[in-house]
Amino acid sequence: MTVTAELSQESLLRGYRTMRTIRDFEERLHIEIANAQIPGFVHLYAGEEAVAAGVCSHLSDEDWVSSTHRGHGHAIAKGCDVKGMMAEIYGRATGLCKGKGGSMHIADFRRGMLGANGIVGGGPPLICGVGLSAKVRRSGQVGVAFLGDGASNQGTFLESLNLSAIWKLPVVFVVENNGYGEATGQSYHQAVEDIAKRADGFGLPGVTVDGNDYFAVAEAAGIAIGRARAGHGPTLLECKTTRFFGHFEGDTQTYRDPNEAAEARASRDCLVAFRARVTDAGLLAGAALDAIDVEIAQLIDESVAEALAAPWPDVSELSTDVYIKY
Amino acid sequence: MTVTAELSQESLLRGYRTMRTIRDFEERLHIEIANAQIPGFVHLYAGEEAVAAGVCSHLSDEDWVSSTHRGHGHAIAKGCDVKGMMAEIYGRATGLCKGKGGSMHIADFRRGMLGANGIVGGGPPLICGVGLSAKVRRSGQVGVAFLGDGASNQGTFLESLNLSAIWKLPVVFVVENNGYGEATGQSYHQAVEDIAKRADGFGLPGVTVDGNDYFAVAEAAGIAIGRARAGHGPTLLECKTTRFFGHFEGDTQTYRDPNEAAEARASRDCLVAFRARVTDAGLLAGAALDAIDVEIAQLIDESVAEALAAPWPDVSELSTDVYIKY
Amino acid sequence: MARKLSFLLAINEAMHQEMARDERVIILGEDIAGGAGGSAGNDEAWGGALGATQGLKTKYPHRVLDTPISESAFIGAAVGAAASGLRPIAELMFVDFMGVCFDQIFNQAAKFRYMFGGNAITPVVIRTMYGAGLRAASQHSQTLYPLFTHIPGLKVVVPSSPYDAKGLLITAVRDDDPVIFFEHKAMYELEGDVPEESYSIPFGEANIVREGGDVTVVAIGRMVQHALQAAETLAAEGIQIEIVDPRTTSPLDEETIYESVESTGRLVVVDEAHPRCSFASDVAALVAQNAFDALRAPIRMVTSPHSPVPFSPALEDVFVPSPERIAAAVRDVLGAKSGSRR
Amino acid sequence: MARKLSFLLAINEAMHQEMARDERVIILGEDIAGGAGGSAGNDEAWGGALGATQGLKTKYPHRVLDTPISESAFIGAAVGAAASGLRPIAELMFVDFMGVCFDQIFNQAAKFRYMFGGNAITPVVIRTMYGAGLRAASQHSQTLYPLFTHIPGLKVVVPSSPYDAKGLLITAVRDDDPVIFFEHKAMYELEGDVPEESYSIPFGEANIVREGGDVTVVAIGRMVQHALQAAETLAAEGIQIEIVDPRTTSPLDEETIYESVESTGRLVVVDEAHPRCSFASDVAALVAQNAFDALRAPIRMVTSPHSPVPFSPALEDVFVPSPERIAAAVRDVLGAKSGSRR
Ligand SMILES: Cc1ncc(C[n+]2csc(CCOP(=O)(O)OP(=O)(O)O)c2C)c(N)n1
Ligand SMILES: Cc1ncc(C[n+]2csc(CCOP(=O)(O)OP(=O)(O)O)c2C)c(N)n1
Ligand SMILES: [Mg+2]
Ligand SMILES: [Mg+2]
């Protein structure tokens with residue numbers, strides 16, 4: 001995708017705002033967790049923003065995404081309320097899921113966010129169902145399953161490739177290949193370099209792109225989502241990227257060279273690259289981006305302050321929402 | 001494999017005897033079941049004999065195979081006692097598994113037969129374990145997992161491709177592609193024609209051969225098993241074949257053209273082809289094969305007669321063998 | 001209601017009626033139609049492994065989908081479709097196959113509503129065959145509803161007659177929560193009165209299948225039939241048992257069980273499952289906790305043994321709780337002055 | 001035995017000692033070493049998600065294998081390796097992940113010996129983390145041992161102290177049947193006396209953790225710790241409870257439970273699992289069947305509720321059975337003249 005072409009100013013600003021929101025959200029969580037303000041296991045998405053933002057730039061509230069344990073970025077890109085997310089991660093009653101779900105289970109069905117998922121590989125079958133639903137109802141909706149390189153070895157995902165191919169489902173599988181499943185490197189956990197290669201054995205197209213490049217992701221995702229919407233079936237889209245933080249907050253990361261993440265931050269930061277490209281091409285003024293930076297910084301500040309001030313769920317909530325009716 | 005080369009007379013006779021034993025075993029079961037002599041669900045292997053026989057021609061008692069619901073052929077090819085198998089299928093105390101397993105669970109650990117398996121896709125992970133065991137113990141053993149085209153869509157199998165590839169396990173996955181998973185044709189249940197193609201996405205070699213041709217199977221299996229034994233890792237070997245009977249005994253087969261099986265019997269019968277090739281090439285005399293035919297016919301007669309005369313398991317067996325010690 | 005229908009056809013009729021009523025109902029599973037991709041060009045060759053989905057594909061070609069052998073993918077797809085606007089009925093051919101797809105059932109479907117703070121609806125029905133009796137051996141004969149009953153967020157239905165099967169399946173399809181619907185494969189040919197019109201039977205309401213004042217027998221699924229047989233033998237001996245069929249294990253109609261035990265003072269629970277952490281133990285424990293003072297004798301559980309299901313007819317026939325064993329347990333709790341060790 | 005060790009390190013030590021003793025013991029699981037294929041060239045970066053397998057890879061590089069995220073394949077591989085000459089310890093990181101691999105456990109490992117007529121040996125151990133308390137939410141906090149206890153062919157171990165954890169894990173590795181070994185993640189830091197030398201604790205032998213004549217409290221795993229806390233509160237009130245820890249749910253030492261109930265006449269069962277078809281209901285039912293005459297009051301079950309595990313600390317803290325709830329149940333069975341409804 002040439003930067004100058006096709007993308008409207010509005011869409012560029014939206015892409016940048018999404019990535020900036022995710023980045024600030026995650027960087028702030030990193031600090032708050034170090035301050036022991038946040039309970040449980042938290043997996044940060046910083047470094048991978050271009051994937052969620054680029055893919056979701058083609059989706060509306062009617063479309064669905066399934067997410068992973070590393071789900072904040074997908075939720076933000078899909079339009080979930082940032083304050084509701086923050087309160088959820090703090091376990092408060094005002095959270096998007098009333099504090100019952102936490103970081104690993106953020107969902108918002110009104111935004112087509114089918115949920116972060118604590119089960120690696122849990123999402124792809126669900127997204128096949130979204131695609132099936134769209135197809136049966138002829139609704140024109142599309143489903144996108146995000147998953148990791150580690151998850152690409154899970155049977156649930158591999159079965160989903162086959163199912164979506166034979167039913168020509170309007171879905172896209174986006175593999176965020178950040179080189180690691182927890183502490184295990186991709187070169188150990190699979191014997192192929194490009195995960196997109198797996199598509200061929202199931203009869204769907206597979207594409208690999210630079211996941212740090214918003215434009216590359218958006219272009220490839222646009223083609224895949226367009227194919228899906230037009231009824232031409234699924235695509236496997238692999239985005240190579242790097243996570244800036246550990247697998248979870250608290251991870252000592254002794255499995256990777258400390259320079260690895262530092263280098264990615266220095267040379268492959270999607271936000272830096274985006275800014276350089278749009279300003280160089282004269283598409284956006286630096287000031288417009290600066291304004292977003294200020295706005296988001298404030299949003300995140302408010303989110304944390306409001307979450308901290310919010311009430312805990314009442315103990316009566318313990319056994320509500322198990323069933324709609326029992 | 002040129003018919004004239006490599007294969008000793010002894011090995012040719014063994015291959016023929018194996019195929020003939022399987023065929024007669026299955027044809028006889030077909031009759032006995034029609035006579036309501038045999039309890040439960042039975043899946044016949046007739047038509048696919050060249051696969052089991054060709055592959056197992058390279059295996060010894062020390063090697064292991066995992067099998068499927070359609071397991072009689074694999075068990076016979078792996079050297080299980082035919083009379084014990086027949087008694088098992090009749091549910092008698094003299095059966096290989098004391099009558100507790102039946103057709104779908106025939107096993108004999110002394111012959112490296114890890115069991116027929118009622119769960120589609122149950123075997124491949126187990127065979128990875130056999131390969132791991134062989135590798136850790138440096139025993140030189142090889143493991144072979146038989147599975148169907150239908151099973152090739154099961155996550156357990158697809159995960160096993162990856163696991164065996166990264167660990168370079170001494171195993172072979174033999175897909176018996178008979179064109180159907182129960183009543184569902186392959187062209188519906190998967191979007192690729194050659195299942196062997198799936199190997200590529202996991203980093204192991206994939207090969208497709210004519211599964212009705214004993215020599216083609218034996219040659220390809222020899223290469224794959226040789227690779228495994230030499231420490232070069234797994235292979236996916238697809239054998240295209242046809243089952244002569246229904247999915248299970250009782251199947252009306254209205255999903256396939258009646259000519260399909262008839263034509264396979266007429267033009268692609270592995271036993272007929274084998275006989276023609278070895279006699280044409282002057283490697284074996286027809287009389288030697290005729291003698292085997294007579295011998296096997298008698299063996300099957302005896303097996304049925306002995307099974308029918310055998311005692312039922314004693315009710316005290318109901319709760320034995322659950323644990324080694326409890 | 002003079003019309004007789006088999007258990008199998010009662011289930012089939014429920015699906016026909018619900019598909020006609022609501023176009024959001026779809027059906028998916030292995031060979032539920034059968035024949036797709038086959039050389040006969042016949043897209044409905046089977047209508048299900050044992051015929052429960054007959055005629056549906058022909059009538060609703062786009063809403064009835066055969067699946068590959070990929071239970072995780074297609075059960076998960078049913079769950080995802082339920083979350084996004086459809087009301088799928090997925091068929092897990094034998095419940096024994098749950099081990100390859102349980103995650104989509106117990107961690108996804110069952111938990112969505114709770115984890116997401118009430119922000120989800122997942123109206124999926126999973127129909128599945130269970131039970132021993134067809135000489136199908138260890139991996140095709142299990143009962144397993146206790147495993148599903150344990151999981152919050154699932155509803156579990158185990159019908160015992162053609163009438164109940166139809167009415168409960170219709171309720172299941174209309175229910176907004178995930179429902180697991182258990183069909184005993186040895187009951188498919190059982191005939192009974194089944195009205196032609198559509199009707200529904202509420203979940204969590206036990207059926208007193210037979211009244212009697214001497215002993216309460218709680219039984220479910222095929223065991224209700226065995227209890228009825230035992231009742232006849234016992235009646236001839238002057239013993240009247242009251243048979244309570246909870247119909248759904250989750251939700252469970254505890255009140256009806258307690259009331260019956262309060263009137264009889266004696267309880268036998270019959271369950272085709274293995275004994276440990278079973279439905280039998282569940283009911284026995286609830287009564288020992290909540291209706292203890294009514295008990296005049298030890299509770300007796302009649303279950304299958306703690307062993308896999310054997311293949312040989314000689315063994316399988318003694319595996320399943322028989323009318324004789326039920327009758328013996330009833331006599332036992334009537335005669336028993338003290339709780340003897342098993 | 002003055003040496004103190006944490007629950008985590010007790011488990012770690014058992015594995016070190018068994019790997020040294022028997023070279024057929026191998027260990028496999030996700031990130032049990034950690035670091036393979038990483039840019040640091042460090043093949044043991046983690047030693048397990050929470051550190052239970054520390055030091056093993058370094059010591060036994062060829063017998064400790066990190067796996068891809070493919071639970072069916074690697075748990076199945078452990079089963080297949082057990083059937084063919086090794087004695088694997090597989091780690092299923094969280095028991096919540098059983099849903100993607102249960103088939104290899106309950107239909108394969110558990111049934112081989114029976115289905116194959118005694119013609120198999122499958123000495124596999126599956127270690128797994130369970131339980132609430134770490135704010136890990138619905139899919140990483142479940143208990144689930146009732147599901148495994150239900151299955152014939154499996155042995156199920158749920159240790160409650162560092163001492164038991166080491167001795168029971170050593171027994172598990174030496175046992176010839178498939179064993180599921182449950183480790184409570186909130187207990188890893190618990191310290192206790194653990195001898196340095198190798199020792200084993202037999203399966204199916206309950207431990208009377210505390211003697212007392214008023215009420216029998218059967219508890220397992222982390223609930224033993226909570227019962228011990230309740231015992232202190234109650235002792236101050238003059239109530240002496242006897243705490244029976246079965247240590248293994250399968251096999252279950254029924255005799256010790258019955259003997260205790262015969263001496264106290266009262267039973268409270270504490271189980272971190274959900275209530276339905278649970279271990280609590282299992283023990284309660286067995287007592288109501290086999291030691292009924294000893295009972296002088298209704299049995300009380302103290303369990304987690306029939307709802308998924310919530311994330312928020314405000315909710316999770318009231319989810320797990322607390323010492324207070326246990327104490328209340330004990331007072332209840334002592335005071336109770338009649339069984340009141342829940
Ligand atoms: C079924 C299952 N197995 C294992 C885990 C533990 N686990 C959580 S995240 C993770 C690694 C996932 O790696 P990847 O898919 O590459 O995603 P990333 O963390 O890199 O974003 C693992 C093994 C899990 N949550 N679910
Ligand atoms: C997990 C599981 N799903 C479904 C079944 C039911 N089933 C038994 S055999 C079979 C078809 C298998 O087809 P394929 O693998 O091609 O083997 P074939 O029968 O053609 O030899 C199915 C669906 C099963 N036994 N196990
Ligand atoms: Mg990753
Ligand atoms: Mg086939």
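Residue numbers begin at 1 in each chain, while the letters A, B, ... track the order of the sequences. Everything numeric here is computed off the predicted structure, so don't read it as measured data.
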Set of side-chain contact (heavy atoms from CB on, under 4.5 Å) partners for Asp175(D), sequence neighbours left out = Lys155(D), Asp177(D), Val179(D), Phe203(D)
Per-residue contact mode, Leu267(C) against chain D (heavy atom under 4.5 angstrom) | neither
Separation between CG (Leu144(D)) and CD1 (Ile151(C)), nearest 0.5 Å, reads 5.5 Å
Against chain D, work out which of Ser138(C), Ala284(C), Ala137(C) has the most heavy-atom pairs shorter than 4.5 Å and name it.
-> Ser138(C)
Please name the pair of heavy atoms, one in Asn290(C) and one in Arg300(D), separated by the smallest distance, quoted to 0.1 Å.
-> OD1-NH1, 4.2 Å
Which atoms of Ser72(C) approach chain D - backbone, side chain, both or neither, heavy atom under 4.5 Å | neither
Can you tell which of Ser250(D), Ala288(D), Pro305(D) has the highest number of heavy-atom pairs within less than 4.5 Å of chain C?
-> Ala288(D)
Identify the heavy atoms of Tyr114(C) and Pro308(D) that sit nearest to each other, and give their distance.
-> CE2-O, 3.4 Å
With a 4.5 angstrom heavy-atom cut-off, could you sort out which part of Val287(C) is near chain D: side chain, backbone, both or neither?
-> neither
How close do Leu252(C) and Arg276(D) get, heavy atom to heavy atom, and via which atoms?
-> CD2-NH2, 3.6 Å
Given Ala294(C), Cys277(C), Ser278(C), Gly153(C), the one with more heavy-atom pairs under 4.5 angstrom with chain D than any other is Cys277(C)
Is there side-chain contact between Pro298(D) and Gln289(C), with at least one heavy-atom pair below 4.5 Å?
-> no
Considering all heavy atoms of both residues, which atom of His150(D) and which atom of His274(C) are nearest to each other, and what is their separation?
-> CE1-O, 3.2 Å
Under 4.5 Å heavy-atom distance to chain C, tell me which part of Val283(D) shows up: side chain, backbone, both or neither.
-> neither
Enumerate donor-acceptor pairs with a distance under 3.5 Å from any side-chain N or O in residues 98-108 of chain D to protein atoms, sequence neighbours excluded.
| unit_1 | atom_1 | unit_2 | atom_2 | d |
| --- | --- | --- | --- | --- |
| Asp103(D) | OD1 | Asn107(D) | ND2 | 2.8 |
| Asp103(D) | OD2 | Gln108(D) | NE2 | 3.1 |
| Gln104(D) | NE2 | Gly122(B) | O | 3.0 |
| Asn107(D) | OD1 | Gln142(C) | NE2 | 3.0 |
| Asn107(D) | ND2 | Asp96(C) | O | 2.9 |
| Gln108(D) | OE1 | Asn117(B) | ND2 | 2.8 |
| Gln108(D) | NE2 | Asn117(B) | OD1 | 3.1 |

